[in-house]
**Q** 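Sharing a structure, written as C-alpha cells. Questions coming.
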Amino acid sequence: MNNNNLLKKGRRMGDLKYMILSVISVLTFLLIWQLLVIFGVLSTRTIAAPTQVLVTFFEKFYSTAPDGATIFTNIAVSLKVSLTGFFSAIIIGTPLGMLMGWYKPLDRFIRPLFEIIRPIPPIAWIPLTILWVGIGLGAKAMIIFFSAFVPCVINSYTGIKLTSQVHVSVAKTFGASNFKIFRTVGVPSSMPMAFAGIRIALGNSWGTLVAAELLAANAGLGYMIMMGRQFVRPDVIILGMLTIGILGFIFTWIFTKIENVVVRWRTL
Amino acid sequence: MSMEQKAGTRLIVKDVSKTFYQKKIEPHHVVDKVSLEVKDNEFLVLLGPGHCGKTVLLNIVSGLMPPDEGSVYLDGEKITKPNPKIGMVFQKLGLMPWKTVIENVEIGPKLSGINVKTRRERAEYFIDLVGLKGFENSYPHQLSGGMKQRVGIARAYTNDPEILIMDEPFGQLDAQTRYNMQNEISRISEHEKRTIIFVTNNIEEALYLGDRIILFTECPARVKEIYDIDLKRPRDMIDPEFLRLRKMISNNTDLAL
Amino acid sequence: MKKTAAYDQKRRPIKKILNSLLPFVSITCLFLLWFYASNINPDLVPSPASTWERLIQLFVKPVNKMNLFGHVWASLQRVFIALACATVLGVTVGVMIGWSKTFKAIFGTLFELIRPIPPIAWLPIIIMWFGIGEFPKILIVFIGTFMPIVVNTYTGIRLVMPLHLDVARMFNASNRQLLFEVAIPSALPPIFAGIRNATSSGWMTVLAAEMIASKAGLGFLITRGMDYFDVPLILVGMLAIGIVGALLAIITEFIERLLCPWNKKLEQD
Amino acid sequence: MPNDDVKIKVRNLTKYFGDLHVLDNISFDVKKGEFLCVVGPTGCGKTTFLNLLTKLIPPTSGELYINDEPADPKIHNISFAFQEPSAFPWLTVEQNLEFGLKIKNIPKDVIKTRVERIIKLLGLEQFRKSYPHQLSVSSEQRIIIGRSFAMYPDLLLMDEPYGQMDIKMRYYLEDEVIKLWKEFGSTVIFITHNIEEAVYLAERILILSNKPSTIKKEVVVDLPRPRDFTDPKFVEIRKYVTELIKWW
C-alpha cells in the first residue's frame, strides 16, 4: 500500500513538473518580447511591449482614443452583434436541421437550397449585405447568422439521422406516432451532435464578427483594432486581439458547462 | 531475481495484487494475492464472473502492467516488461484498421526487424491455418466478427510465442459463431501445440476447452478453486458428466450483477 | 389489413416520384423568387440574365487586367502555398505536442493561449508589420490553416487506442516504433479531417485578407463590386467563391479516401 | 391442445423481400398467459419474423390477431425486448420504465404505481435516478425487461435478450423473467438460438426451418419448475430439439 502512495505521489510530482514547465515557457516568451522592445530590437511603432498593452488596457477604461469608444463600449457592441446572429442561427438552424433529418419531403425541398448556400463562406456575404442592409447591427448580425447557421443545420441533421434504429423501433412497438417518436426519441438522441454543431457555430460567429467589424463598422472590437492600425497604435491592436481571444475563450468555457449539464447522460 | 520451480512448470504467479486509484473515486481493488502455476503445454482456463480483475491479471502476467505486490516468473526469470515468449490475443483484438490482414498478422516479426520474405511466409502459414486464405489483403473492417478473431489468433501465433494468452476472445460473438470458434481453437491448439492461458466468463466454454480450470471470485479477483478436467476430447456439451461438472462449478461461482 | 399492405405498396411509388421531384421544385422556387425580386428592384437584385451578362463581360473586359480565372487562380495560389506550409509545420507540431509531455508543456500552453484569437483578427497587425504584399496575405491564410491542423493532429495522437499501443508493446516495439508504426498511422484520419477543415478555413481567410487589402483575387472582386455598386459583379464573385469552395471540399475528401482506404466512416457516407 | 383461451392468432404469415422468400405460410396460436419459445438455425429469418409480429414491417400476406382483432401497436399493448441494448441513454432508469406508458397516455398515478411495482420486483431502488451508462450491462438489460412488463402487454416479444451474458447470470435473469411472467400473467414469445435456454423457459417450443421458414415442429415442455438442466428428462428434450434443428 505504501508503495502505492509513493506511486501516486510520483505521478503528482510529474504533473507539477509539467505545470511549472509551461508557466516558465509562457513567462520566458513574455520576457523575451518585453526585452526585445526595451532594447529597441523591435520598433515601438510596430509592436508594443506586454507592459505597455497592460497600461493601455487600463487607459481604455475611460479613454476613447483612437477609435472613439472605451473598451467596454466596444465589447458591448461586439457582443450584441455576435449574440444576435448566433442565437437566431441556433433557434432557426437546429430545429430546421432536425426536421430535415426526420421528414424526407422537407429534406428534399430544402437540401438543394442549403447546398447552394453552404460552400459560400459567410465573409463573402459582406458586400451584398452591406449594399442591401447597410452597416448597422442587422447587417452584421445577418453575416454572423450565415456563419453559425450552416454548422447548426449540418450537425443536428447528421445527429438525427444517426438515431439508433432500435430506439425508434421500441417507440414504434409501443404505438407512438411519427411525430411523437421524433419528439421523444429523435430530438434527445441527436442532442450531443446538435451541441457539437453549436460549438462550431460559436467559434465561427466570433471569427466572422471580427471580419465584419474590420470591413464595416463604426464601433466594436474589430473596429478598434482597425483604428489602431490607422493611428499606428500597436498597443491598441494587441489589446484588441487579446480581448477578442479571451472573450472567445470565456464563451467556449461557459458553453462547455451548459453542454455538460444538458447532455450529462453521455457515456463519454 | 529468480525462482526455483518444479519440473514442467513454465510460469509462476506469486502473490500478485493490484489496486487502482482515481480522483474522486474509491480505490478499486481488482486483484488480490493471486498465486498460480502454469504447466508446460497445458490448456489452462481462468474462469471468473463479471469483468473485474482478469484482464488486469493478464496484463500483469504479460508484462504490460507492473503489479503493486508480488511477481510473475517465466522459466524462473522475473517478468518486468513484455517478453516475446508470451503472445496475447486481446479481448477487443486491437487489429490496426490501417493495416491489411497480412500486415496485421506479420506485425510481430516486423517490429523485431525480421525481413519481409521470412515474415510473409510465416504470416501466410498461420493465415492458412486459421482458415483465412484469400483474405490476406482485406482490411479488418471488411471482415466479420469471427474472422477478425481468427486474425487476432494468427497474429499472436506468427510471433512464435511459447505461451499464448487469450483474453475472452469470443466474448463479443453470437452464440453460433462462438461454438464454431471454440471448435476452431481446439483444432488449432492441437495442430500447433503451445501453452495456452485462456480467460473466459463462460462455464460451458471453459469446460469444453480446458485441461485445467482456475475459478476466480468476483471483485477483487482471488483464486477460489482449481479443477482438473479429464473429460475425453472432443467433448460433448450434453454429456451427463459434462453437465454435472458445469452445475458444480456454476454453484461455486459468484453472481456478478 | 391485407388491403392496407397492398395499399402501402401502391402508394409508395407515388411518394417516391413526389420526393424525387421536390428538389427541382425548390430550385424553381428559388429562381422565381430571384426573378420576382429583380423585377421590383433591379439595382439591388440584378436578374439572372444580367448576372450572366456580367460574367461574360468579365472575360471581355477584365477587372484589374485579370479575367475571372485570373482572380480565382490568385486566390487559390495563396491558399495552396499557405496550406502546404501549414500541413508540414502543423502536423510536425501536432505530433510533437501530442506525443511528448515536455513539448506539450513548453509549446502547447503558448499555442492554447494564441488559439482563441480568430485568424482574421491578425490582419491589422500583420498588415502593419509586412505591408500589403503577397507575403502578409499568405501569412494570414497560414495562421487560419495551421490552427485546425495542429489541433486535429494533436487530438488524433492523444486518442490513439491504448489497446493498439499495448498490442505493439506485446511485440516489444520501441518507443520510436510505437510512434511511427502505431500512433501516426492511426492519427491519419483525424489529421486529414484537420486538413479538410483547414482548407475551408483557409478559403475563408484568403477572402477576408483580399477584401481588406488586395488588388487581385475573388475577395478583391466582390469588394470592388461593392465599391462601384456593381451588384452583378458581386453575385458572379460569390458564385465563383461557392463553386471553388465546393470543389476544394470534394478534392480534399477524394484525396483522403485515396490515402486512408481503411477509414470506414467515409465509406459509409 | 384445447382452443379455449387463445390470445394471439397468427394466420398464414408470408413475407417476400423482392424475390427472396423469407417466411412461408406460418400459422400458430398462443394461449393467454402462455410462455412460448421459438428456436431455429442461424439465418432462418428470425429478425423478419419478429418484425412482422411487432408490425414494424408489413407482411406480404397473412395476419396477426390479438383478441381476434388485427394487431395494431396503437390499439394493443405490444412490448418488444430487443437483443441489442435499447434503453434510452438520455433517460434515467425511472423515466425509461415510464416511457411506453407515457406514449399510451396512461394516467400519471397509474404510471407511478406500475413503475414502483417493477422497480421493487427488480430491486432497482438505488438506481432509480441513474442513467443507463452508469449501470452494468446486465442491469441495463433488466431495465428493458422491466420496461416491457410495465406495459401489461397483450403480447411480449423477447429477442434473445441475454445473448452476451455468462451462464450463471443468464439463469439468474431467466429466473427473474419467469418470476415477472408469473406475477403479471403476460403472454410471452421468446426467441433464441440457445436450445438449453428454450427448454429451461418454455411451456411450448416452436422450431423454425431454414429459409423460407416454416414451423417444422412443435414441442411441448411439461417439466415442473424450477427446472434443472442436469435432469435426464431435461437433457432428453434438449437432445430431441437439437436433433430436430440439425436435420437440415
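In what follows, chains are A, B, ... by sequence order, proteins preceding strands, each numbered from 1.
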**Q** Would you give the length of the straight line joining atom CZ of D/Phe234 to atom CD1 of B/Ile238, rounded to the nearest 0.5 angstrom?
**A**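 CD1 of B/Ile238 is found 10.5 Å from CZ of D/Phe234.
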**Q** So does D/Glu196 pair up with B/Arg246, basic N to acidic O under 4.0 Å?
**A**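 Salt bridge between D/Glu196 and B/Arg246, a charged N being under 4.0 Å from a carboxylate O: yes.
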**Q** Mind checking the CG-CE spacing from B/Asn202 to D/Met169? Nearest 0.5 Å is all I need.
**A**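 CE of D/Met169 is found 12.5 Å from CG of B/Asn202.
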**Q** With rounding to the nearest 0.5 angstrom, report the OH to CG distance, B/Tyr179 to D/Asn194.
**A**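 The distance works out to 5.0 Å.
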**Q** Please round to the nearest 0.5 Å and tell me the distance separating atom CG of D/Asp228 and atom CG of B/Leu243.
**A**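 It comes to 9.5 Å.
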**Q** Measure the CZ-CZ distance between D/Phe229 and B/Arg244 for me, rounded to the nearest 0.5 Å.
**A**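 Nearest 0.5 Å value for the CZ-CZ distance: 11.5 Å.
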